[in-house]
Amino acid sequence: MNLDLVATGTAAAVVAAATLRAATPILFASLGGLISELAGCINVALEGVMLVAAFAGVITSAYSTLWFPDAPLWLHPWLGCAAGLLAGTALAGLLAVFHLELGADLIVAGIGLNILAQGLTVLLMAHLTGDKGSTASLASFALPSLRWPGIGAVPVLGVLLNGDEDTGHNVLVYVAMAATGLIAWALRHTVFGLRLRATGENAEAALAAGLPVRRLRYAGLLLSGLLASGGGVFLGMGYLTLFQADMAAGRGYLALAAVFLGGRRPLGTVVAALVFGAASVTAARLGQLAVPAEVVFMIPPLVTIAALVLVKQHQRLATRRRAAAGRAALLSP
Amino acid sequence: MRGQPLALVLMVMVMAVLTPAGAGARAADGRPQRVAFFVNGALGDKSFFDSAARGLRQAKADLHLATRTIEGGYDPTRWESGLVDLADSGDFPIIVTGTYTMGPLVQKVAPDYPDVTFILFDGVVDYAHCACHNVYSMRFRQNEGGYLAGVLAAGLMRTGAIPGAAPGLVGLVGAMPIPVINDFAAGYVAGAQDAAPGITVLRQFANSFSDPAMGKEIAKAQYGQGAGVIFQVAGATGQGVIEAAEETGRYVIGVDSDQAALYRVSSPRRAARILTSVMKNVDTAILRALRLWQQGRLPLGRTESLGLKEGAIGLADNPDAALTVPPAVRAAVAAARQRIIDGTLTVPTAFAGGRP
Amino acid sequence: MTEGARIALAVGAALALGFLVMACVTDQPWAAFRALVTGPLPSMERAADGRLVMHRLVRFGAWLQDATTLTLVGLAIAIPFRARQFSLGADGQLFMGALAAAALSLGLGDVPAAIALPLAFLAAAMAGAAWGLAAGLLKTRFEANEIVTTLMLNVVAVQVYRLIVGRVLNDPTAGFITTPPLPGAATLGPLIARTNVTAMVLVAPAAVAAVVFLLRRTTLGYEIDLAGANPWFAARAGVPVARATVLAFALGGAFAGLAGFHVSNALLKRLPVDLTPGMGLEGIVVALLARGRVAALPLAALGYAYLRVGAQAMERATDVPREVVLVIQALIILFVVSDRLAPLALGSLRRVWMRIGRTA
Amino acid sequence: MTVAPLAIALEDVEKRYPNGTLANSGVSFTVAAGEIHALVGENGAGKSTVMKMLYGLERPTAGALRIHGLLADFRHPGDAIAAGVGLVAQHLNLVPSLTVAENVVLGHEPRKPGGRLDRVAAAARVRELVGQSGLAVDPAATVASLPVGVRQRVEILKVLHRGARIILLDEPTAVLTPPETATLFATLRHLAAAGHTVLVITHKLDEVKALAGGVTVLCQGRVTGNARMADVNEGTLARLMVGRDLPPPPPRRPAGARLAPRVIARDLGYVDGDGAIRLRDVGFEVAPGEILGIAGVEGNGQDVLARLLSGAAVPTTGDARLDGRVFTGLSPRAARSLGVAVVTEDRLHDGAAPTLSIVDNLLATRYAQPPLSRRGLIDRGTARRWAEAVIAGFDVRATGPHQPIGALSGGNMQKLILAREIADAPAFLVASQPTRGVDIAAAAALHTRLVALRDQGAAILLISADLDELLVLSDRIAVLYRGRIVARFEAGAVDARTLGLHMTGLGPEPKGGDHD
């Protein structure tokens, strides 16, 4: 095999593996955003959900060694994971209560909950650890990585499947991929998916069909919380092994953008999330060149805008083609 | 019924207005003197502000001062009013604040409150253009620490002791290209070049002080290119660099505080990846300044420059990584340190016009 | 129940809950609470010679300064909202406005205030408007979701701002990344000593009045309203819907740009690189507290700013950390927008009361 | 005498909305099982509220509902469905992006293990229901692609799928052609014969007569009449509904010499974004003082024609001239400035802004010209005075010029829309479904206004699904079928049955050329 080809392939695989890693939190959150959006409830609180989930996960995994000193070591990260999912879902539940029960505007309530998450996590962290910045001083755990045995030496594929350090991808990376497939399938093929889509598209019709619209919306928002929590837990217990104030760093908003960029469809959303992941990896790697960091960080937003414009132009061209064909038919006797 | 809550609020407001301001504020004899620490940001950065806060806590214990830390938040439009409010309240005879950003604000506020003493760390006021007789400022020569880090990193690479790393490559991850960070970097690059001429220093900024995930990604990219050691000057973002070091089995140099100490108990494996940390001893510098102030010996109206010589800058000793660094490299670092203290070596700085 | 009473009740409930949080983190919750509620007000003290002396004017000033910015960014949200566009772009528009005002002020150099100020003012408004226009055109020409485009344009604006402040306008002698101080002629002087309360404090309500007039009395305002109320109908009736929508974005952007002018030429008088994003989001909160009524924006801004300055006062007076303030802020936002909260609470209160009455 | 078991019984039902509006008060009536019962009344009489209460969408504030003798306290449509009640609403409640089968089974889906939707079973179920009821629909079609008449069939199938014994229909014929109506009625009779109970809301009295066995009349929220169909005639019903006698129908235009045409449309064709031909070879002339009626089943190109003629869409081929000047292909505003006015088909969608005030709605077409605005400034005083004059002149029931127009009844809203469109004395008015969903009295008033405009010399194109309306008002009638004009008639020389045949494509081939 050509050595150059292997080198290029390996470099590409490194970037691909990094992209997967960087895209996973966004992917989780954007799947969540998609579900609630399809149920007719835009979830702006994804950012806060991720933050709360990361916090609860890290703190619980660290403290579980104190609470359950006799438990096997592998259990602690999973306890943290469970706590993170629970806490993030609870925050989404709060959003649902404020919107569905108390009549709060969804977007503003979402912003409010983001602020609440920002304040509460730091407040609690300071209260528990005496540190306002991060939990670096706590012995917290990461969720395990899955490594494909026996392919570490295989060029390109080894890097792709087992990551650039041959440690394998975090289990949550696989969960995210599985969740993507599952959600795409469930939305299309299950009764629940049908009902959820019907609720989001025409709530009145869903109500008239006897669907429990409010309960479906709760389900949409809670599910979106659960998924976004997955992203938060990955940030704190996979990507990193610590909680840092404000560590979601805008990924929740990016995820929301991914939902719209992906045309509110599962596959499109996944592609958009990967694009955002790739953009941030590019930003991390382009910095070696003489490009100002500011310019690099403009890439993801500009790509998003360009994509929105191009998609529209594409649709327009298709429409124009169809219309031209119709016109020809009209003019022919 | 409807008007009642509003009336209650109004009553509270009226009562508050009638209460005299700053009751019991001015320090009477025998009561601890009150020190305010104004943070133009928030605590928890694991390095700079946290270190300063540590100094204040130490002062509270050692000097029996009553300290209060006020976090001004990240919105710069509120810092001026925050500072003026502290000075104006009359509650605090001395106000501590830091960073170059606060310099011009102190310069603006201090002349209006001649009875209040200001300690400005890691920042300066222009004494030539302001009547700042009540301001003591100190700046740090962090480039000297950066230089030692560079000597250490490049020296270690030259030994070829790090498996998989390219010998001619070291890395640096910064938070943002601000002068203080550039100053660390300028010293680091100079030190690396002096120790191993022709060595390449990879440099990248994360564009954020608080995105460890980004820090980790950048560090992985640099390690992936072959860097064996990365000097992180990135605030909380740097925690990601440290994690990347652990995962890739390479090394990192911390900044501001002894960052190995952070992990020594919780994660010894990680601590072992931190060769050392370039210490910027803001805490001891502040403690010293407050002590001098208490003794009436604080040199007001001037800037003090603090570096290796004064003990304000230094390398932390990390026993966990001690075995990693060969004696020859240690010796080179020690020699460089001595030459800087002696004044035989001048480290380049990122501050325009040399010393501000 | 009137809207005012409902909001008062919601704020009261949020403060009460906030008080509980405070009680958990400090042993002097009452002092903290008092500081929060009375912080922004100046206090009077009888001096030794019997005269009344005003104290804490700086907090009062901070209140007005904050309310000024908030009113302007509130307008930036409220105007596109009239055209049913949910713009989140006030942030980017503010950054571009501040940048334009500062760049122009520096570029003009030594010219009289009568020239420098109006030009900087206009430059800020136009830069903000241009940034708003971009979102508007993306919406009308390409049907790009405005929530996404404005969020993305915000990121771009912040990076452009950092690029230019850091690499073009940078003052190398400053020791931190910032522009040089703006020329005195281009900056606004304080109306209250030792504060940055400037003429902008009058510009903000004037801007609100102008917008109210625009929406109520001009054909453009009518077009914006109609385009927002029912774009399909507006189009059939002959209203230039796309133009009205784009102009609503641009107009909103102009006011966010003015908020930028307020930041650069009145508050900071130079631009540091670390101007934090997020003020645009505050604009959304203000616009929603005002329930979309433009005339109510100054009131909402004053109320919200009062809370924020009170929060600072609280932090200064006690050991309550600033994050408590974030929590209270969040609670107020949540409670105020929860339309059904007050009736629900009052209803259950009444039921409890009746039950007590029955058992008694 | 044995009493048939009662399927529906309302006992002194009151509904007061939280804002204080009293929609129903003391409403009592009964419907026997297997009966087709009509609920008639003017718009705003409270008919729809009764339906909503029976379907669990609203809860009565006093009184009781009984379904098959059991007290029904529905909190949610699910409860009503469980009790065997189904509703076919006036604004059809379907999810456009889903298929017919998915819409029909929504809420009661056939499942496969694992919560999966059984699409095969769903389609089979729909085919089975189609077979039982005779309502022809393709289960795999996407609802968005179906014409309104077919969508309504989907709604009925939906109701049947849940096994409803009681079927509520709210104005089911408003969007149907005569043949479709006939099919629907046959289906309903068929269902009633099979033991279903049918409650129909309508205000078309001939339909009541043709369909129902019993009738209940509502007026202003109260029951004003309750009778067996055999005992009443249309006149008595109308009086019960309106509370007074109806005005006579507008006088027909005296036949005279036809003037030179004012509006000439030639060869109009339109292709939409999907490449579908929606209109082709449409040509007609309208003389001043003439009303040209356009008949057709909904979705055969009427909406496209109205849009082309009012500047909302650009024709792919052909053009139309008003007094010699081309006015198609221009913007709506430019078309209006040439003297074209339009009453759109769906007043809530693109005929008005429901949340805005009456004044603001009236302003929409004239705000940019004196005397309502000068140099970009709107003269609010003049606007208010104009609105007050319109409210008085058109007998609009409103609290004042600042009331949101959406709070008015359909008839009052439509009066205001017509008032706005004819305020500038247009040379050409395109009126689409001007009296759809409007009560009898308001419809009569609107007709009078249209005739008055005609008599002033305006050319009017009247597009309507209501054949009675077309026959009464038009001078000539053209029939649109699949985007073409397939037949043309002098109004006096045609009846509803013939029109209906042409509308469904069953008429003889069109004779003659494109122009008459």
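Note on naming: letters A, B, ... go to the chains in the order of the sequence lines (proteins, then strands), and numbering restarts at 1 for each one. Atoms considered below: every heavy atom in the structure, side chains included; atoms not considered: hydrogens, waters and symmetry mates.
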Visitor: To the nearest 0.5 Å, how far apart are CG in A:Leu254 and CE in C:Met152?
Guide: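 With rounding to 0.5 Å, CG (A:Leu254) is 5.0 Å from CE (C:Met152).
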
Visitor: Measure A:Leu261 against the heavy atoms of chain C and call it side chain, backbone, both or neither at under 4.5 Å.
Guide: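 No part of A:Leu261 comes within 4.5 Å of chain C.
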
Visitor: Using heavy-atom distances under 4.5 Å, tell me whether C:Tyr161 contacts chain A through its side chain, its backbone, both, or neither.
Guide: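 Interface part for C:Tyr161: neither.
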
Visitor: Within the 4.5 Å heavy-atom criterion, are C:Ile147 and A:Ile107 side-chain neighbours or not?
Guide: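 With C-beta onward as the side chain, the pair touches.
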
Visitor: Against chain A, label C:Arg141 side chain, backbone, both or neither, depending on which of its atoms sit under 4.5 Å from a heavy atom there.
Guide: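 Only the backbone of C:Arg141 comes within 4.5 Å of chain A.
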
Visitor: List the atom of C:Val327, the atom of A:Gly119, and the distance in Å for their closest heavy-atom pair.
Guide: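 That closest heavy-atom pairing would be CG2-C, 4.0 Å.
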
Visitor: Do the non-hydrogen side-chain atoms of C:Val160 and A:Met298 ever get within less than 4.5 Å of each other?
Guide: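 Touching, per the 4.5 Å side-chain cut-off.
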
Visitor: Could you check whether any side-chain heavy atom of A:Leu102 comes within less than 4.5 Å of a side-chain heavy atom of C:Asp339, counting everything from C-beta outward?
Guide: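 No, side chains not in contact.
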
Visitor: Under a 4.5 Å cutoff for heavy-atom pairs, which residue among C:Leu138, C:Val158, C:Asn145 has the most contacts with chain A?
Guide: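 The answer is C:Asn145.
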
Visitor: Take A:Glu294 and C:Arg162 through the salt bridge (Lys or Arg N to Asp or Glu O under 4.0 Å) test and state the conclusion after the steps.
Guide: CA-CA 7 Å; A:Glu294 292 89 349; C:Arg162 283 187 181 165; over 6 Å; no

Visitor: Sort A:Leu120 into side chain, backbone, both or neither according to what part of it lies under 4.5 angstrom from a heavy atom of chain C.
Guide: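 Contact with chain C involves both backbone and side-chain atoms of A:Leu120.
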
Visitor: With a 4.5 angstrom heavy-atom cut-off, could you sort out which part of C:Leu151 is near chain A: side chain, backbone, both or neither?
Guide: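 Contact with chain A: side chain only.
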
Visitor: What residue among C:Leu288, C:Val336, C:Leu334 forms side-chain contact (heavy atoms from CB on, under 4.5 Å) with A:Val108?
Guide: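 In the set C:Leu288, C:Val336, C:Leu334, the residue that makes a side-chain contact (heavy atoms from CB on, under 4.5 Å) with A:Val108 is C:Leu288.
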
Visitor: So, taking the atom named CD1 in C:Ile333 and the one named CG in A:Asn114, what distance separates them when rounded to the nearest 0.5 Å?
Guide: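 It is 10.0 Å, given to the nearest 0.5 Å.
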
Visitor: Give, for atom CG of A:Leu116 and atom CG of C:Leu331, the distance between the pair rounded to the nearest 0.5 Å.
Guide: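 Here the rounded value is 6.0 Å.
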
Visitor: Which atoms of A:Gln313 come close to chain C, meaning under 4.5 Å heavy atom to heavy atom: side chain ones, backbone ones, both, or neither?
Guide: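 The answer is the side chain of A:Gln313.
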
